[in-house]
Asks: 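I'd like to ask some things about the structure below.
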Amino acid sequence: MKSQEIRSKFLSFFEDKKHSIVPSAPMVLKDDPTLMFVNSGMAPFKEFFLGNAEPKNNRLADTQKCLRVSGKHNDLEEVGYDTYHHTLFEMLGNWSFGDYFKEEAIAWAWELLTRVFKIDKNILYVTVFEGDEGDNLPMDNEAYDFWKKHISEDRILKGNKKDNFWEMGDQGPCGPCSEIHVDIRSAEEKAKVDGKDLVNMDHPQVVEIWNLVFMQYNRKANGSLESLPNKHIDTGMGFERLCMVLQGVKSNYDTDVFTPIIREIETISHKDYGKDEKVDIAIRVISDHVRAVAFSIADGQLPSNTGAGYVIRRILRRAVRYGFTFLDKKEPFIYRLVDVLSEKMGKAFPELKSQKQLIQNVIKEEENSFLRTLDQGLILLNRIVDDTKSKTVSGEKAFELYDTYGFPIDLTSLILSEKGYKLDEEGFKKELQKQKERSRAASEMSTDDWTVLSEDAEQEFIGYDALEANVKITRYRKVTSKKEGDMYQMVFNLTPFYAEGGGQVGDKGYLEDSHGDVVYILDTKKENNVIIHFAKNLPKHLNETFKAVVDSKQRYRTECNHTATHLLHQALREVLGTHVEQKGSAVHSKYLRFDFSHFSKLTVDELRDVENFVNARIDGKLPLEENRNIPMEEAIAQGAMALFGEKYGDTVRAIRFGQSVELCGGTHVKNTSEIWHFKIVSEGAVAAGIRRIEAITNDAVKDFYHENNRAYFEMKDLLNNAKEPVKALQNLQDENVNLKKQIEALLKDKAKNIKGDLKSQLTDVNGIQFLAKKVDLDAAGIKDVAFELGSQFDNLFLLLGAEQNGKALLSCYISKELVESKELNAGQVVRELGKFIQGGGGGQPFFATAGGKNAGGIEEALVAAKEFVK
Ligand code: ATP
Ligand code: MG
């Protein structure tokens, strides 16, 4: 059965059981600060489990793109070495939100695997939670009894908290789980060792394929568990592993999910898969990583220097390194795999197709720059080896190479062993540990449980219509971090505060109680669909009604920038073409930033056209037309393109100004005329094929012109109020160039004269042509003269002193022949004479210089010089 068919059979099976099929959420979620990437099927549905929102159907099924490369679930180092862990994989899931529970989940999983997919019962094992004393939890007898109906009891195994109790993080919904494992070993091997003994023992052919999680508890900050009011089902089946079983192969990489990519790598690298373990690992690494990187870029997460972008960069670099070392690929090639990938997976994940060009460009650029790093690293590593006296290279040096230059440590140790050197691995690990501790200490954060003041209150956002409201606090908690110290987070029953989202910053403002006491709201953010207000301290009387007031000036400026961002987007598509897609935006009160796909620098004309286009819409006084709360599905049906970080269940809002229509949850001006004026302040590249424009509106434009005007008049003033300042400046520059040329010529003349002068003053001291003299030249001039004279004599001893800006300079030249025959050393001469000028210096035996504070000491030094040739 082909993988495409396996995926659709899974989905249609659950569709028949009244589940709505929803598309995969993007891997980077909008409002979940606790997660860098979606690492399991349940992550996009957290708000449903937490009860912050309600799904339209309480039965859903999907395939979710997951990435396990950071945080609690990190499989990166396994990938390539084993045959069943990936960085990016698809997790097939069926979901019940307070609807069916263990009985149906178990029965349907069994039906699907054994009847629809016809997997032999005799290769399956299931596990149930055995209970845990520490958490005071009994064994999951319910699950055991339901399983008994389907599978013989000797195939039901009991598992501990580590394998059979699922938690998404340190806090939040959790519960016991039942895993389904397959044993795909040969009959011979099965005869030798019982499959039972290999379950959850990291055997590559006795692997978990499906995990059924029974969410029934909530883990609190203090570690204790409370029962959830509604019980949920969360299941996750590894799609690639299922394909392995159904296609009768022993490795995920032998399924049709991977073989086309692997064939392509073989063609490009002229290496065969399946002959040499090292090459095989490299091929698996590359075929896996190209998927992770391509999907991330398609989801809007570009490689970068920090955060999630850095994780993506590291994955790609890992692939480049394996190609570099084991496939001998010294030029970019991974980007060439994107063609096959998008052809194979573009149907299920259309974003791969629509963004193919961009994905290829970004990967190629990254490959190029990392290959340059590798080249540079090799040079540095050679230098380190040359400087190493023993046969062991220090861990600190290797760490520096790794940390500062991004040179991979395993490559370092490989190259060293090839050269017959060893790496001090302990030393390296120590440095790495130190760095980890530094960054952990910096990012450590603790979050208390919510203190709930009012249970039933639903939260309402009224900030599109109001900037003030009377509100009640429904819950609050303390969060403590190294960076910001103690902060309080508050949730209100209703709020005019806009939470950071869609690129727009969160509102600031204050809460005021009836006694006039004020607490400032410093920021507003959304977490799992709840709007959270941040403050440095709590109000005194928490149960009062407060006047909540948004900082209207900041909000207004931000709105001008947000509306301008929409107009800019429209302008770019109009002026440059419809290949322009939004790749990110930041809307602040002071400026706006817009990233978009486009392949070349914007010309001056294009920039002017874009500005004019936006300003024409501002002059056109276009009114805001708003359509609130249409479901995302409806918006998609109306032709809205893939949205940034939106997922199933989100309701969206359509914002129209004239011909510009965008799905946007942000706040906007009522009429474009309020923006007053739009001005681009910079344009540049952020990555291959991605450009960034920064622009300002309204007051910021006024300030901008004001500032420019001031600078202009100051400049004019300096130019004696010239009528045509540009011309005057040009003249001044021309004049300056001419003067510089003249000075250079004069200096050359002077040096020539001095040279002749000095030559005539040489005296013979013990067969040495000697001269110690003060000259009026700079350091470069002195060097010139010394070398010029040096080339005419083979027994020259020259000490030249000079005074420059009150400081002293001594330069000593000694012919090489003298250095050898008389054991003279210019470096030593200037070091010794340096004491007269209160300074020091050094250089080579035949030429050295010293600088010092005391110009008055030059004469003494010149006199003392004679001592050296006596
Ligand atoms: P394992 O012990 O094999 O790492 P897990 O316990 O981490 O699996 P879950 O977190 O329960 O797995 O995820 C549910 C399912 O997703 C697993 O049963 C497996 O089929 C699949 N899966 C988990 N991690 C990966 C991965 N890195 N690559 C591919 N599939 C995976
Ligand atoms: Mg795992």
Asks: Carefully, step by step, assess Y556 and N698 under the rule side-chain contact (heavy atoms from CB on, under 4.5 Å).
Replies: CA-CA 10 Å; Y556 173 64; N698 206 307; 3.5 Å; yes
Asks: Taking atom NZ of K583 and atom NE2 of H598, what is their separation to the nearest 0.5 Å?
Replies: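 Taking NZ in K583 and NE2 in H598, the distance rounds to 14.5 Å.
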Asks: Does NZ belonging to K601 count more than 12 external heavy atoms closer than 6.0 Å?
Replies: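 Counting neighbours around NZ of K601, more than 12 heavy atoms of other residues, nucleotides or ligands fall under 6.0 Å, so yes.
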Asks: Just by distance, do the side chain of T672 and the backbone of L622 share a donor-acceptor pair under 3.5 Å?
Replies: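 Yes.
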Asks: Below 4.0 angstrom, N of the basic side chain to O of the carboxylate: do R372 and D375 qualify?
Replies: no
Asks: So do L374 and F407 actually touch side chain to side chain, heavy atoms under 4.5 Å?
Replies: yes
Asks: Could you tell me whether Q733 atom CD has more than 12 heavy atoms of other residues or ligands within 6.0 Å of it?
Replies: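 Above 12, so yes.
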Asks: Heavy atoms, side chains only, cut-off 4.5 Å: are E512 and E468 in contact?
Replies: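 Not touching, per the 4.5 Å side-chain cut-off.
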Asks: Donor-acceptor check, side chain of S597 to backbone of E581, threshold 3.5 angstrom: yes or no?
Replies: yes
Asks: Within the distance-only criterion (no hydrogens, no angle test), does the side chain of N361 pair as donor or acceptor with the backbone N or O of A688 below 3.5 angstrom?
Replies: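 The answer is no, because no donor-acceptor pair under 3.5 Å joins these two groups.
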Asks: Could you tell me whether K525 and E527 make a salt bridge, using a distance below 4.0 angstrom between a side-chain N and a carboxylate O?
Replies: no
Asks: So does H515 have more than 12 non-hydrogen atoms from other groups sitting under 6.0 Å from NE2?
Replies: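 Count over threshold, so yes.
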Asks: Classify the ring geometry of Y464 against F461: parallel below 30°, tilted from 30° to 60°, perpendicular beyond 60°.
Replies: perpendicular
Asks: Evaluate the criterion side-chain contact (heavy atoms from CB on, under 4.5 Å) for residue pair R691 and E683; output intermediate values, then yes/no.
Replies: CA-CA 7 Å; R691 315 285 314 171; E683 189 273 346; 2.8 Å; yes
Asks: Under 3.5 Å, is there a donor-acceptor pair linking the side chains of Q504 and T667?
Replies: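 Their side chains do contain a donor-acceptor pair, which is all the 3.5 Å distance test asks for.
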Asks: What's the shortest heavy-atom distance between A298 and E351, and which atoms?
Replies: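 Here A298 and E351 meet closest at CB-CG, 3.8 Å.
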Asks: Just by distance, with hydrogens left out, do H668 and E626 show a side-chain donor and acceptor under 3.5 Å apart?
Replies: no
Asks: To the closest 0.5 Å, what do you measure between NE2 (H579) and CG (L358)?
Replies: 11.0 Å
Asks: Determine, for K540 against D517, whether the closest basic-nitrogen to carboxylate-oxygen distance falls under 4.0 angstrom.
Replies: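 So K540 pairs with D517 through a salt bridge.
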Asks: Taking everything shown except K807 itself, do over 12 heavy atoms lie less than 6.0 Å from its NZ?
Replies: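 Open.
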Asks: Tell me, yes or no, whether the heavy-atom count around K621 atom NZ, taken from other residues, nucleotides or ligands under 6.0 Å, exceeds 12.
Replies: no
Asks: With a 3.5 Å distance limit and no angle check, can you tell me whether E367 reaches the backbone of Y335 through a side-chain donor-acceptor pair?
Replies: yes
Asks: Nearest 0.5 angstrom please: N708 CG to D703 CG, how far?
Replies: 11.0 Å
Asks: Is the number of heavy atoms from other residues, nucleotides or ligands within 6.0 Å of NZ (K783) greater than 12?
Replies: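 Count not over threshold, so no.
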Asks: Between V362 and P303, which heavy-atom pair has the shortest distance, and what is it?
Replies: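 That would be CG1-CD, 3.6 Å.
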Asks: How far apart are the C-alpha atoms of L568 and F596, what are their side-chain angles, what is the distance that settles it, and do they pass the side-chain contact (heavy atoms from CB on, under 4.5 Å) test?
Replies: CA-CA 11 Å; L568 171 61; F596 56 100; over 6 Å; no
Asks: Between K547 and N470, is any pair of side-chain heavy atoms under 4.5 Å apart?
Replies: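 In contact.
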Asks: At their closest point, which heavy atom of H562 faces which heavy atom of G666, and how far apart are they?
Replies: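 It is CE1-CA, 3.7 Å.
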Asks: Would you mind reporting whether V610 and L572 have side-chain heavy atoms less than 4.5 Å apart?
Replies: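 Result yes, sub-4.5 Å side-chain heavy-atom pair found.
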Asks: Test salt bridge (Lys or Arg N to Asp or Glu O under 4.0 Å) on E744 and K740 and set out the steps.
Replies: CA-CA 6 Å; E744 244 168 60; K740 268 192 188 147; over 6 Å; no
Asks: May I ask you to check whether over 12 heavy atoms, not counting those of E694, lie within 6.0 Å of atom CD?
Replies: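 It does: E694 CD has more than 12 such atoms within range.
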Asks: With rounding to the nearest 0.5 angstrom, report the CD1 to CZ distance, I696 to R557.
Replies: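 Result: 11.5 Å between the selected atoms.
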Asks: Mind checking whether V614 and I680 have side chains closer than 4.5 Å, heavy atoms only?
Replies: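 Side chain of V614 against side chain of I680, heavy atoms only: no contact under 4.5 Å found.
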Asks: Return yes if some donor-acceptor pair links the side-chain N/O of R692 with the main-chain N/O of A685 below 3.5 Å, else return no.
Replies: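 Not confirmed, R692 side chain does not pair with A685 backbone.
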Asks: Less than 4.0 angstrom from a charged side-chain N to a carboxylate O is my criterion; do E707 and R710 meet it?
Replies: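 Judged by the 4.0 Å cut-off on N to carboxylate O distance, E707 and R710 do form a salt bridge.
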Asks: To the closest 0.5 Å, what do you measure between CD1 (I521) and CZ (F534)?
Replies: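 If I round to the nearest 0.5 Å, the distance is 10.5 Å.
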Asks: Taking NZ, NE, NH1 and NH2 as the nitrogens, is one of them in K526 or E500 under 4.0 Å from a carboxylate oxygen of the other?
Replies: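 Result for this pair is no, no salt bridge flagged.
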Asks: Quick check: does any side chain N or O of Q459 sit under 3.5 Å from a backbone N or O of V491, one acting as donor and the other as acceptor?
Replies: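 No, the answer is negative, given that no donor and acceptor are paired below the 3.5 Å cut-off.
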Asks: Looking at T603, is its backbone amide N or carbonyl O close enough to the side chain of E606 to form a donor-acceptor pair, meaning the two atoms are under 3.5 Å apart?
Replies: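 Looks like yes, one N/O pair under 3.5 Å.
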Asks: Please step through side-chain contact (heavy atoms from CB on, under 4.5 Å) for the pair F370 and L316, ending with a clear verdict.
Replies: CA-CA 9 Å; F370 187 53; L316 183 59; over 6 Å; no
Asks: Hey, which of T697, I675, N615 is the one that makes side-chain contact (heavy atoms from CB on, under 4.5 Å) with L567?
Replies: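 Per the side-chain contact (heavy atoms from CB on, under 4.5 Å) rule, the option paired with L567 is I675, out of T697, I675, N615.
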Asks: Rounded to the nearest 0.5 Å, how far apart are CG of D776 and CD1 of I782?
Replies: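 That separation rounds to 9.5 Å.
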Asks: How far apart are the closest heavy atoms of P539 and L511, and which atoms are they?
Replies: CG-CD1, 4.2 Å
Asks: What pair of heavy atoms forms the shortest contact from M715 to P725, and how long is it?
Replies: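 Residues M715 and P725, closest heavy atoms: CE-CB, 4.3 Å.
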Asks: Taking NZ, NE, NH1 and NH2 as the nitrogens, is one of them in R628 or D465 under 4.0 Å from a carboxylate oxygen of the other?
Replies: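 Salt bridge: yes.
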Asks: Would you say that H677 contacts I618 through its side chain, given a criterion of any heavy-atom pair below 4.5 Å between the two side chains?
Replies: no
Asks: Taking the side chain as every heavy atom from C-beta outward, state whether V726 and Q730 have any pair of such atoms under 4.5 Å apart.
Replies: no
Asks: Under the 3.5 angstrom rule, does the side chain of K536 hit a backbone N or O of D486 as a donor-acceptor pair?
Replies: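 The answer is yes, because a donor-acceptor pair under 3.5 Å joins these two groups.
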Asks: Taking Q360 for the side chain and V338 for the main chain, is one N or O donor matched with an acceptor at less than 3.5 Å?
Replies: no
Asks: If I compare all heavy atoms of F497 with all of T495, which pair ends up nearest, and what's the gap?
Replies: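 Minimum heavy-atom contact is N-OG1, 3.0 Å.
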Asks: Got a salt bridge between D507 and R555, using NZ or NE/NH1/NH2 to carboxylate O under 4.0 Å?
Replies: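 So D507 pairs with R555 through a salt bridge.
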Asks: Counting neighbours of CZ on F599 that are heavy atoms of other residues, nucleotides or ligands and sit closer than 6.0 Å, is the number greater than 12?
Replies: yes
Asks: Side-chain contact test, heavy atoms from C-beta onward, threshold under 4.5 Å: evaluate it for I297 versus L302 and give yes or no.
Replies: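 Yes; the side chains approach each other to less than 4.5 Å.
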Asks: Indicate yes or no for a side-chain donor-acceptor contact from R573 to the backbone of V580 under 3.5 Å, with no hydrogens or angles considered.
Replies: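 Yes, R573 side chain to V580 backbone: donor-acceptor pair under 3.5 Å.
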